[in-house]
Number of protein chains: 2
Amino acid sequence: MQQPTEGELAILQVLWATGPSTVRTVNEALNARSKREIGYTTTLKLMQLMADKGLVSRDTSKRTHVYAAQLPEEKAQRNLLRKFVDTTFGGSASQLVLRALGEGDASAEELAEIKRMIQSLENKRQHD
Amino acid sequence: MQQPTEGELAILQVLWATGPSTVRTVNEALNARSKREIGYTTTLKLMQLMADKGLVSRDTSKRTHVYAAQLPEEKAQRNLLRKFVDTTFGGSASQLVLRALGEGDASAEELAEIKRMIQSLENKRQHD
DNA sequence: TGCATTTTACGAATCGTTTCGTAGACAAAG
DNA sequence: CTTTGTCTACGAAACGATTCGTAAAATGCA
């Protein structure tokens with residue numbers, strides 16, 4: 001499965017958040033979150049291309065087609081994360097983590113969850 | 001200061017890693033880490049454009065010009081990280097951190113450093 | 001001096017992505 | 001039945017980024 005472009009990713013975000021949707025729904029969601037107005041047929045075309053690539057499926061049984069994400073959000077995030085770590089943190093995930101935490105927008109509970117995550121990783125290491 | 005494109009970022013990586021460099025040095029470094037052969041004049045052109053934008057400075061006192069990154073690595077990382085968190089993790093930095101840790105390529109020391117980071121963040125919260 | 005090499009400069013071609021205009025099918029409402 | 005609006009399909013324009021060919025200047029060497 002090919003990687004989504006930036007525009008495709010924006011559409012996938014909508015589909016992930018709201019589930020299977022029509023072009024109109026997606027287009028309105030995109031325009032809700034951006035100053036720049038995106039034309040309806042632009043969104044349509046992009047979603048058609050995504051269907052060709054297999055990034056989304058579409059139900060054409062009704063006149064108004066319904067699209068659904070085919071690429072799972074987690075998988076996309078893992079792929080993009082790997083590339084991002086490579087290209088902007090020279091492959092060091094922990095450097096990225098430190099920088100991300102440094103931005104300071106993680107809540108107390110989130111910090112706690114991250115600590116739990118680290119704990120479980122360290123436990124796992126014990127057993128190797 | 002404008003954001004670097006992907007190609008520009010690859011060049012900045014070299015400059016950050018090895019300090020001020022000539023076009024040839026950068027071009028060879030790029031080609032060392034990629035199957036796809038990048039032509040010399042391609043790298044040259046890109047670096048000239050970067051100089052125009054102010055992403056790099058250049059010393060033209062000698063015939064062979066020497067380029068230096070103007071955008072600090074940390075700043076670039078912060079900017080790109082913010083955008084990345086928005087576009088692929090819906091703005092949730094901690095989601096990204098969890099996913100990054102889950103990849104499991106952080107060493108024991110790195111985990112320890114991350115724990116320290118969290119500790120210091122939590123201490124700071126106490127005082128607010 | 002003359003030849004080969006290396007460099008900068010720069011216009012233009014190419015390429016992938018995004019955007020849009022237009023046409024035709026269909027549906028709903030009067 | 002006709003009008004109006006919404007939908008898909010699709011070609012092509014527009015755009016930004018990258019790549020390259022070529023020329024001219026400088027350098028080094030035989």
Side-chain angles (χ1 to χ4, degrees), chain A residues 1-15 20-31 33-68 71 76 79-80 83 87-88, chain B residues 1-15 20-31 33-68 71 76 79-80 83 87-88:
Chain A
M1 177 106 55
Q2 201 206 324
Q3 285 317 296
T5 65
E6 190 170 323
E8 290 170 345
L9 188 57
I11 288 171
L12 284 173
Q13 299 260 28
V14 175
L15 294 178
S21 311
T22 64
V23 173
R24 183 143 308 273
T25 308
V26 170
N27 182 246
E28 276 163 6
L30 290 179
N31 282 324
R33 299 176 185 5
S34 103
K35 56 232 75 173
R36 168 120 183 66
E37 170 78 10
I38 297 165
Y40 175 82
T41 57
T42 300
T43 304
L44 170 66
K45 177 76 163 200
L46 220 27
M47 291 176 77
Q48 286 171 339
L49 291 176
M50 291 169 79
D52 292 345
K53 295 183 192 172
L55 283 172
V56 298
S57 61
R58 66 172 166 178
D59 175 356
T60 60
S61 63
K62 299 280 184 311
R63 173 160 129 80
T64 301
H65 300 175
V66 175
Y67 293 74
L71 181 62
N79 289 342
L80 293 166
K83 182 177 175 184
T87 58
T88 116
Chain B
M1 177 108 54
Q2 200 207 324
Q3 285 317 296
T5 66
E6 191 170 323
E8 290 170 344
L9 188 58
I11 288 171
L12 284 173
Q13 297 260 28
V14 175
L15 294 179
S21 312
T22 65
V23 174
R24 181 141 311 269
T25 306
V26 170
N27 181 248
E28 276 162 6
L30 291 180
N31 281 324
R33 300 178 185 1
S34 103
K35 53 232 75 172
R36 170 118 181 67
E37 170 78 8
I38 297 164
Y40 176 81
T41 57
T42 300
T43 304
L44 170 66
K45 177 77 163 200
L46 221 26
M47 290 176 79
Q48 285 171 340
L49 291 175
M50 290 169 78
D52 291 347
K53 295 183 191 171
L55 284 172
V56 297
S57 61
R58 67 171 165 176
D59 174 356
T60 60
S61 63
K62 299 279 185 312
R63 172 161 130 81
T64 301
H65 300 176
V66 175
Y67 293 75
L71 181 63
N79 290 342
L80 292 166
K83 182 178 175 183
T87 59
T88 114

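Being a predicted model, the structure only gives us computed values, none of them experimental. Letters go in sequence order (proteins before strands), and every chain restarts at 1.
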Trainee: Side chain to side chain contact (heavy atoms under 4.5 Å, CB included) between Val56(B) and Met47(B): does it pass, once the steps are laid out?
Mentor: CA-CA 8 Å; Val56(B) 297; Met47(B) 290 176 79; 5.5 Å; no
Trainee: With a 4.0 Å limit, can you tell me whether Thr5(B) has a side-chain N or O closer than that to the phosphate oxygens OP1/OP2 of dA17(D)?
Mentor: no
Trainee: Compare side-chain N and O positions of Thr42(A) against OP1 and OP2 of dC20(C) and report whether any pair is under 4.0 Å apart.
Mentor: yes
Trainee: Which atom pairs link the protein and nucleotides 4-6 of chain D when you take only N or O atoms and keep those under 3.5 Å?
Mentor:
from, atom 1, to, atom 2, distance (Å)
dT6(D), O2, Arg63(A), NH2, 2.2

Trainee: Rounding to an integer number of Å, can you tell me how far Ile11(B) CD1 sits from dA17(D) P?
Mentor: 13 Å
Trainee: Restricting both atoms to N or O, compile the protein contacts to nucleotides 11-15 of chain D shorter than 3.5 Å, with distance only.
Mentor:
from, atom 1, to, atom 2, distance (Å)
dG11(D), N7, Lys45(A), NZ, 3.2
dG11(D), O6, Lys45(A), NZ, 3.1

Trainee: Can you measure Asp52(A) atom CG to dT8(D) atom C1' for me and round it to whole angstrom units?
Mentor: 13 Å
Trainee: What is the distance, rounded to the nearest whole Å, between atom CE of Met50(A) and atom C1' of dT17(C)?
Mentor: 13 Å
Trainee: Is any side-chain heavy atom of Met50(B) closer than 4.5 Å to one of Leu12(B)?
Mentor: yes
Trainee: Taking CG from Leu49(B) and C1' from dG11(C), how many angstroms apart are they, rounded to a whole number?
Mentor: 12 Å
Trainee: Is the side chain of Asn27(A) donor-acceptor paired with the backbone N or O of Ile38(A) at a distance under 3.5 Å, no angle test?
Mentor: yes
Trainee: How far does OG1 of Thr22(A) sit from CZ of Arg58(A), to the nearest 0.5 angstrom?
Mentor: 13.0 Å
Trainee: Measure the distance from NZ on Lys62(B) to P on dT7(C) and round it to the nearest whole Å.
Mentor: 15 Å
Trainee: Between Ile38(B) and Arg58(A), just flag the one whose closest nucleotide in DNA chain D comes earlier from the 5' side.
Mentor: Arg58(A)
Trainee: Rounded to whole Å, how long is the line connecting atom CE of Met47(A) with atom P of dT19(C)?
Mentor: 14 Å
Trainee: Is there side-chain contact between Leu9(B) and Leu80(B), with heavy atoms separated by less than 4.5 Å?
Mentor: yes
Trainee: Evaluate the side chain to side chain contact (heavy atoms under 4.5 Å, CB included) criterion for residues Lys53(A) and Glu8(A): first the C-alpha distance (whole Å), next the side-chain angles of each, then the deciding distance (0.1 Å), finally the verdict.
Mentor: CA-CA 11 Å; Lys53(A) 295 183 192 172; Glu8(A) 290 170 345; 2.6 Å; yes
Trainee: Starting at atom CG of Leu46(A), determine the distance to atom P of dT17(C), rounded to an integer number of angstrom.
Mentor: 10 Å
Trainee: Using a 4.0 Å heavy-atom cut-off across all strands, classify Thr41(B) as base, sugar-phosphate, or nothing.
Mentor: base
Trainee: Is any side-chain nitrogen or oxygen of Gln48(A) closer than 4.0 Å to OP1 or OP2 of dA9(D)?
Mentor: yes
Trainee: Nearest to the side chain of Arg36(B), which nucleotide is it out of dT18(C), dC20(D), dT19(C)?
Mentor: dC20(D)
Trainee: Separation of Leu30(B) atom CG from dT18(D) atom P, in whole Å?
Mentor: 12 Å
